[in-house]
Amino acid sequence: MPNQQNYSLSDLMDELQMVIRSSFDHSYWVIAELANVSGSARGHMYMELVEKSNHQIIAKARANLWSSRKHQIMKAFEEVTKETVKTGMKVLLQLSVDFHPVYGLSFQVLDIDPSFSLGELERQKQETIKRLQEEDLLDFNKQYVLPVVLQKLAVISSESAAGYQDFMNQLEQNTNSYQFDVQLFPAVMQGDKAPESIVLALEKLENKGIEFDALIVIRGGGSNLDLACFDDYALNVRLAQSFFPIFTGIGHERDQSVTDMIAHTRLKTPTAVAEHIVQHNYEFEKGVKDLFSYVLESSQDSIAENQYQLEKASSRMAKSSLDLLHSEKSEIRELSFLTNQSAMELIHQNKSQIQQIKNDVMYLSKSFIKEQEQFIGHQKRNVALVAKDFINRENVDLYPSKHLVKYSLLSIEKENNKLDYIKNLIRVSDPELLLKRGFSITRYNGKAVTNAEVLEEGNEIETQLAKGSIKSKIIK
Amino acid sequence: MAKKLTYELALNELQLIVSEIEGEGIGIDELSKKVKRAAELLKFCQGKLRQTENDVNEILGQFEE
Amino acid sequence: MAKKLTYELALNELQLIVSEIEGEGIGIDELSKKVKRAAELLKFCQGKLRQTENDVNEILGQFEE
Amino acid sequence: MAKKLTYELALNELQLIVSEIEGEGIGIDELSKKVKRAAELLKFCQGKLRQTENDVNEILGQFEE
Amino acid sequence: MAKKLTYELALNELQLIVSEIEGEGIGIDELSKKVKRAAELLKFCQGKLRQTENDVNEILGQFEE
Amino acid sequence: MAKKLTYELALNELQLIVSEIEGEGIGIDELSKKVKRAAELLKFCQGKLRQTENDVNEILGQFEE
Amino acid sequence: MAKKLTYELALNELQLIVSEIEGEGIGIDELSKKVKRAAELLKFCQGKLRQTENDVNEILGQFEE
């Protein structure tokens, strides 16, 4: 690096100062977002300016508003916008550029255009309204039907605010001596801190578990500045979905805030809210009173009418029930009769069957017996028949007696013949018979002579004749 | 005569007599006696037969009825 | 006679007598006796038959009524 | 007789008797006995029949009412 | 008889008895028994019928009123 | 019976019993049982009807006063 | 019943019951139940009416003084 020319820092810085002062020798209107705003003890205001694109910081610079100008600029700004300059705002600033060898580059705020910020606020508000509308939250709270009597009230307000005192006084001093149960949930009601504070109060009251008739959001008595917080999207999203109908008495002078828009009922001031609530309750009481006599009358009418209806219904029911019962009774009677009849018929049939069987047994037994009797008779005749046969046969067998006779007679005959033969033989042999026929027997010495030679002459012989005998002597 | 005369005995005696007579071995005197005996025996036998016949007839009669 | 006479015995004896007579093996004396016995037997048998017949009639007659 | 007489047995015996008489296997002496037995059996059977008939009449007559 | 007699059983037995008597497959000895049994069964059945009739009259009589 | 008896069920059963008895498909033994059951069912139905009638009358009575 | 009974509901149910009974589409078992339910409903309605009447009278009385 020996060939290089060396500078002192101050030389360089002086040169830069010169270049910048000569190049940026007038003021510029710049749009930037206030990333941080802080003040000094001497009344200066320090701002950090940024430009973002897609949430990325693409440019960043510091700017100073000297106390000499601050008062005038701020006064004009607040008059127009009713807002103070604060972190997060988009502003149109008139800047001059300066460079200081020690402090570096800086911008001096020469002026702030309030109308740009006003437009920007309005734009943001419109955007919030649009978003709420898109999310159907704009009229969401209006859907609550108010209780006929509002008694339990939750109030979100700054405790010390005059508006709160007005509200309470108005309520307590109502001529109808209505009683109210008011619970205060304190919150910061203006500026940057307000949305968060109000949401915290809201959560607290919602977590109490009390059924409030309405939620009253009021402010008043303080500064009229910094009310853009009621246009805050996050706050209104939360408020819109509150558990209870919201009454507002924020007291905006310009025009209504987004919170007024999402509220169930909006009124200008806390006093007006109180009056409205008292009036609401009074209207109910009046309506009730008016209705009361009518209600009594029509109640009596209605009771009579209902009594009549009940009687009619009951008698109709009774009649049709009794009709139904009557028809069922006759059905039961009929069933009883049918059961009886069919059972009796069955019994009768069985009786005839039994009688028939009895007759069968009787008839069959008798015919069986008769058959057997005939059979026995037959057997008897059989016995008689065969016995007689037998006897007859035996009788026949006795006929050998005929043979006996026959052979006996034959035998006798034969004997007879034999005897006859003998008889004849004997008869022819009988000497007497020969004598009778002329034969004679010659005896000598008493002996029959059959041979003449035995006789000699002289022998005396006797001759026997059939009758008598003769004696003779042999001569020769 | 101890032994009672039967048809058998009578008939035997008769047949003996008949054969004696037929044998011509007997004389006339004996013949006479024999003939007389034979007549007796014949009468006995015939009587016996008649009686037996009557018996038979009697029996027969019993069955005829 | 120890054995009591039955129809059977009587009939048998009767048939024996018949065959004896038929066989001509008996004489007149016996014939007489046999015939007398036969008459007896016949009478017995007939009596028996008649009695039995009566019995049958009597017995079986009871059921005619 | 150990076995009690029944109609069945009686009837069987009766038929046996008839066939015995028919079969000529018996004599007159037995015939008499058989006929007497037959009479008994017949009487028994008839009695039995009459009794059964009475029973039937008596027993079944009860149901006429 | 282990099984309790029912009308059904009695009727069946009765019909069996009738067909047995008809079929002549039984003798007089059995007939007597069968008839006695039939009488018993008939009595039983009639009793049962009478009883059932009474039951029906009694039970269903309640509903006449 | 696990299922509680209702008028409907009782009526159905009754009608079934009547048609069974009419159909002659049942014997005397069953008839007795069926008739007893029918009596029970009839009593049940009548009771139910009477009770319902009383209920109706009572309701009606509330308005008569 | 999760839903609390009101006069309105009771009356509607009652009229439904009446038309159901009139329509004769229900049996005795249901009739019994329906009649009982109707009695309940009637009692409820009458009670409600009487109470309301009393209330009205009482209230009226307060203003009569």
Side-chain angles (χ1 to χ4, degrees), chain E, chain F:
Chain E
M1 225 183 281
K3 206 170 182 184
K4 207 194 155 197
L5 188 66
T6 65
Y7 185 88
E8 206 75 19
L9 290 172
L11 198 62
N12 287 347
E13 199 181 337
L14 266 172
Q15 282 165 335
L16 188 69
I17 287 172
V18 168
S19 62
E20 279 177 339
I21 296 175
E22 259 179 349
E24 302 179 18
I26 54 160
I28 282 294
D29 301 312
E30 266 191 284
L31 180 67
S32 236
K33 279 188 219 147
K34 294 278 175 195
V35 166
K36 264 171 200 153
R37 178 65 182 156
E40 264 174 50
L41 294 168
L42 282 167
K43 212 173 258 172
F44 174 82
C45 283
Q46 278 196 328
K48 200 93 188 178
L49 282 175
R50 208 157 290 156
Q51 190 196 315
T52 305
E53 195 174 13
N54 288 343
D55 282 0
V56 169
N57 282 333
E58 195 182 323
I59 287 162
L60 301 176
Q62 304 172 334
F63 300 95
E64 296 301 304
E65 316 138 32
Chain F
M1 224 179 282
K3 205 167 184 185
K4 206 194 156 198
L5 188 63
T6 65
Y7 183 87
E8 204 77 18
L9 291 172
L11 201 62
N12 287 347
E13 199 180 339
L14 259 174
Q15 283 165 335
L16 188 70
I17 287 171
V18 168
S19 62
E20 278 177 339
I21 296 175
E22 279 178 338
E24 303 177 20
I26 56 163
I28 285 297
D29 300 312
E30 264 192 286
L31 181 65
S32 242
K33 280 187 219 146
K34 293 279 177 195
V35 165
K36 265 171 198 153
R37 179 66 182 154
E40 264 174 49
L41 294 169
L42 282 168
K43 214 173 256 170
F44 174 82
C45 284
Q46 277 199 328
K48 200 94 189 179
L49 286 177
R50 210 158 287 159
Q51 190 195 315
T52 307
E53 196 175 15
N54 287 344
D55 286 356
V56 170
N57 284 332
E58 198 181 325
I59 287 165
L60 201 65
Q62 298 176 340
F63 296 94
E64 297 298 297
E65 314 141 31

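Residue numbers begin at 1 in each chain, while the letters A, B, ... track the order of the sequences.
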Could you tell me whether a side-chain N or O of F:D29 sits under 3.5 Å from a main-chain N or O of E:T6, the two making a donor and an acceptor? no

Rounded to the nearest 0.5 Å, the OG1 atom of E:T52 sits from the NZ atom of F:K36 at a distance of 8.0 Å

What is the distance from atom CD1 of F:I28 to atom NZ of E:K48, rounded to the nearest 0.5 Å? 9.5 Å

